[in-house]
Amino acid sequence: MESILEGLNPAQSSAVRQTSGPLLILAGAGSGKTKTVAHRIAYLMQKEDILPHQILAVTFTNKAARELRQRVWTLTEGEGGEVPRSYMPWMGTFHGICVRMLRQDGHAINIQSNYVIYDDDDRQGLIKQAMKQLSIDSQQFKPRAVSGIISNAKNEMRSPEDMEGAANYPNMRTIARIYAKYESMRKKAGALDFDDLLIETVRLLREHEDIRKKWQDQFRHVFIDEYQDTNVAQYMIVKYLVNKDQNICVVGDDWQSIYSWRGADFTNILNFERDYPKTTVIKLEQNYRSTNAILKVAQSVISKNKVRTDKKLWTDLGEGAPVEVHATYDESEEASLIAGRIATHVTMKARKYHDFAVLYRMNAQSAALERAFRLQRIPYQLVGGVRFYDRKEIKDIIAYLRVVYQPNDRLSFSRIVNVPARSVGTKSLEKFLTWQAESNRDIIDALCNIHDSVGLTSRAKASLGSLGNHFRELQSMLSDGAAPTDIIERLLTLVNYRDHLRDGTPQAEEREENIGSLLSDVRVFTDLPEFLEETALIASSDQQAGHDKVTLMTLHAAKGLEFPVVFMVGLEEGIFPHSRVYDSGPAELEEERRLCYVGMTRARQELHLTYARSRLQFGQRAYNEVSRFISDMGDQVVAIDQPVHGIDKAGDGFFSDELPFSIGDRVKTPAFGAGEVTEIDGLAVTIRFDRGGVKKLNAEYARLEPIV
């Protein structure tokens, strides 16, 4: 047993050895919580003879689940290598766990075992169809916004009837109608969306005591990671699964709760001791990530929040470089400052590009940064781009497979009925779907009996009938237990999908490469249902970072990551904290402060905070005050004013009567490079740039510098 406890600090060791009753582990940023949980699970298996399938361990991303599973495997089996998929079968995300429970017991609440899972795009597509059937204008009610409202209602366990009953405005009553129609169409398609996976599991456990007891008896120990991020439905699932022994361990940090906008309720972790009165509380306060200078600044900010637990992080990594606050004139200079510092460090071989991350509050802030990086030829990755499984060609193949697996899935069928083109127009598709519903056949059966339909042209019948034959062959392969790779290869051949991709555009080769990557990914799966579940559950937070590139991302996306050097930009009132704090209560400001804490504690060795005295917002130049978060830091930071041409140190904008250049002079600007001045009219300066093009710029904002 010594090997399991080896390398743990006293607090971690106490948490591992606490093997019975409710346990709350308050894990500060960078305090080794994953290590603690992995060692505790291994300890239970070796000391308490708990079997892997008797442990329910819930994480918030598939990546976190894979990492935890690998660590437990290494501790218990004493070896590395690839972990068998069957190992720790009940370790995964809430959604992944719920999928498996509903596959097994969903029949008790009339959910077919072969349901398909709709992602956000699927839901929006079905909402559009529902709105069309209800004759509701999609310009007045944006499907994306409606989808978000429906999702929030589901996470709060509110039905369409609940929404309609609580509606105080006509718009909300209309959305309640869309919600009801969407639910009807979704159920008819044999589909569940992501929110349904949670709320239907709640319903299953609530309404069927025998099923609830079965799972309680199986799960002798329950682990929940990131407990501060649980929503109402997830909280209820946990409550239903904990048995009379109350062997539940939750791990989290209320200081890092930043997801209230998607339903997370950080008071769940604050109220854990109320829910489980015999709770043991262990605090992990030793930080293994950041220097003391960074931790002191982060602590000074979060300490201003009133609703929080009490912790004090410490580290033995040394004081480190002081946290620097950089004042810049505008967003262009802010971006140039960051790009210049990164380029200098890399040129000196002091850092690699991948050592740096730039974090911002809003996606729109990336524009100036990207421009500056391109000008200095700094490679970067913008986290939050199009995921692999969100690419069109991949979603097309998945849609085909969904129809093969669940032939009542109208949404997936509608996506690919004309991919590749089959001359099936919108009216023909509507007529087919109407006839299919009236004939009480599933989609594949209807396609194979298309000649019994009326109202369709001979051409449409021929195309749809041929598609039906393709689906029937693939369905037969599925019934015979064919591997997913074989089914996809046959699909690509039957519908000539590769030829469809070869459209002569520069992107054609990349799309074909994506299909090849898909086939490689699929090879690890033994059956199609497992593959469809896995792909549906992949989250954007599971994206893998690139190689030697600077990372640009929002503060929300940065949670759980760490970098040697972090730049946090835009620390101005109205930017960060966000302007919405002015119209809401203190809870909104406290979440913004927690978000600031999360951003700062991503840094391992250097932390730089920047603000601009002016910033272009919504097409107009704004002059915002410095963020109150910088005031929270007091004298823990070093303030650095940048040498700004035409700006005094106090930040008051001024220009001398004479510009420091004349017509014919050479000048440079961070935004467009070098060029020659061809005309001057007050502060309006016309420049012919070396890279091509003539631009008239405002000298007050363009930051023109003479080239001597």
For [Y], is there an ion pair with [X] - N to carboxylate O distance below 4.0 angstrom?
X	Y	result
Arg628	Glu573	yes
Glu592	Arg361	yes
Asp690	Arg666	yes

Could you tell me if the side chain of [Y] sits less than 4.5 Å from the side chain of [X], heavy atoms only?
X	Y	result
Val626	Leu571	no
Thr36	Val251	no
Ile663	Ile680	yes
Leu609	Met633	yes
Phe94	Thr230	yes
Phe576	Cys596	yes
Phe356	Thr551	no
Asn231	Glu156	no

**Q.** Enclosure of Glu319 CD (heavy-atom neighbours >12, cutoff 6.0 Å)
**A.**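 Yes, because the 6.0 Å sphere around CD of Glu319 holds more than 12 heavy atoms from other groups.
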
Q: May I ask you to check whether over 12 heavy atoms, not counting those of Arg688, lie within 6.0 Å of atom CZ?
A: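 No - once you tally the heavy atoms of other residues, nucleotides and ligands closer than 6.0 Å, there are 12 at most.
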
Check: [Y] main-chain N/O paired with [X] side-chain donor or acceptor under 3.5 Å:
X	Y	value
Asp665	Phe661	no
Gln12	Asn9	yes
Tyr582	Gly574	yes

**Q.** Distance-only side-chain donor-acceptor flag, Ser260 / Glu591, under 3.5 Å
**A.** yes

Q | Geometric cation-pi criterion, Arg262 with Tyr259: 6.0 Å, 45° | A |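 Flagged: Arg262 positioned over aromatic ring of Tyr259.
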
Q. Within 45° of the six-membered ring axis of Tyr288 and under 6.0 Å from that ring's centre, is NZ or CZ of Arg604 located there?
A.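 No.
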
**Q.** Point-to-point distance, once rounded to the nearest 0.5 Å, from CG of Leu607 to CE of Met568
**A.** 7.0 Å

**Q.** Ring-ring centroid check Phe272 Tyr227, cutoff 6.0 Å
**A.**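 That pair passes the under 6.0 Å test.
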
Give the minimum heavy-atom separation between [X] and [Y], together with the two atoms involved.
X	Y	result
Lys311	Gln299	O-NE2, 2.9 Å
Ile575	Gly570	CG2-O, 3.2 Å
Pro577	Leu589	CB-CD1, 4.2 Å

Q. So among Gln70, Arg69, Arg71, which one has a side-chain hydrogen bond (donor to acceptor under 3.5 Å, both in side chains) with Glu67?
A. Arg71

Q.
Angle between ring planes, Phe373 versus Tyr380, binned at 30° and 60°: parallel, tilted or perpendicular?
A. perpendicular

